[in-house]
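Computation of the quantities below employed the complete heavy-atom set of this structure, encompassing side-chain atoms and omitting hydrogens, waters and symmetry-equivalent molecules.
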Amino acid sequence: MPELPEVETVKNYLSPLIKGKEFNAIDVLNDKLRVKVPKNLVNHVTNSNIEKITRRAKYLLIYLKNDQVLIIHLGMTGKIFVEKKLKNEKHDHVIFCLNNGDFMRYNDVRKFGLVTCLNKNKLANSKFFSHLGIEPLSDDFTGKYLKEICKNSNTEIKKFIMEQKKLVGVGNIYASEALFSSKIHPETPSRSLSLNEANSLVKNIKSILIQAIAKGGSTIKDYRLVNGESGYFQHEFKVYGRENNPCKICATPIKKIVQAGRSTFYCIKCQKK
DNA sequence: AAGGTTACCTGCCCGC
DNA sequence: TGCGGGCAGGTAACCT
């Protein structure tokens, strides 16, 4: 599920449902997530007003009045539901009881996500956030910036934009999509990116993420309201998941390769090295 | 130090 | 029908 647009969508979904309320109780059904759910989560996070919900990279941050921040990452398969009546499902790991009687439920099949908390003053230097790069939708993310951070790297550009070190939020789907829209070959060494290519890639990363956020809202809602239909958006993808299907520009069959253990899709004709 | 590989975990889909 | 292999939107710990 979750790349940056989905996390942003979950944030928008959660905010009106939990902001201004409190968690009265927390039931940790299973603490063995990517990072173990801390024993003191209950003490730190209950009975304090929920002030705001933000997103940093692919993390959700729920700020409480007592200066604690509830940190949630969805990994590959994490989901959050807020509901009036507790619905028990397989792979539920943490249940938060709200003071209006609602329940917020964290469910994660593969347990690659995490639910933890930290004092807000310790966030920036924590292991979760200290190494993260800039937000792709911020004004700081420009072609000039991308060119600068690429200039000493031999790493293939697709892998480079997915590392969260200099730039965050770009996942496996949108990396392929943005490179296709920019006509850049995914194996291009980062250092050989021209300024024009960097400008184009930045423009396309931003526009694809923004479009996905715009559509993600309704799709996630469908996902929740209907019945766990997977693969929303697939019809929007120009290359992702389209191996051997015709390129939407030139009809050449889309090629699939593996980079850093992840599938990459591209057009051999439109995206020259 | 950078770059590549593997592990974490469960479910699903495909081919035999 | 059953089983094994491969793959899945993320991240970090290992190797070299």
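In this structure, CD1 of A:Ile72 is placed 15 Å from P of C:dT11, rounded to the nearest angstrom. Remark: C1' of B:dT5 and CD of A:Gln259 are 15 Å apart, rounded to the nearest angstrom.
In terms of polar N and O atoms assigned as donor or acceptor, the side chain of A:Arg34 never comes within less than 3.5 Å of the base of C:dA12 in a complementary pairing.
For the pair A:Lys52 and A:Tyr63, the cation sits on the ring face: its NZ or CZ lies under 6.0 Å from the ring centre, inside 45° of the axis.
With P as the reference atom, C:dG6 and B:dT6 are 13 Å apart, rounded to whole Å.
By the criterion of a centre-to-centre distance under 5.5 Å and near-parallel planes under 30°, the ring of A:Phe112 forms no stack with the base of C:dT11.
For A:Tyr59 and A:Phe129, the ring centers are positioned less than 6.0 Å apart.
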Secondary structure of DNA chain B per the Watson-Crick/G-U criterion (both distances under 3.5 Å; [ ] crossing, | other strand, . unpaired) is .|||||||.|||||||
Audit row: A:Val170, A:Leu4, side-chain contact (heavy atoms from CB on, under 4.5 Å) steps and yes/no: CA-CA 7 Å; A:Val170 177; A:Leu4 182 149; over 6 Å; no
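Of the two residues contacting DNA chain C, namely A:Gln164 and A:Arg110, the nearest-nucleotide position lying further toward the 5' end is that of A:Arg110.
Contacts between residues 180-192 of chain A and DNA chain C, defined by a heavy-atom separation below 4.0 Å, involve no residue at all.
A:Glu163 and A:Lys166 are not joined by a salt bridge, as no carboxylate oxygen comes within less than 4.0 angstrom of a charged side-chain nitrogen.
Within the model, atoms CG of A:Asn24 and CZ of A:Phe103 stand 10.0 Å from one another, a figure rounded to the nearest 0.5 Å.
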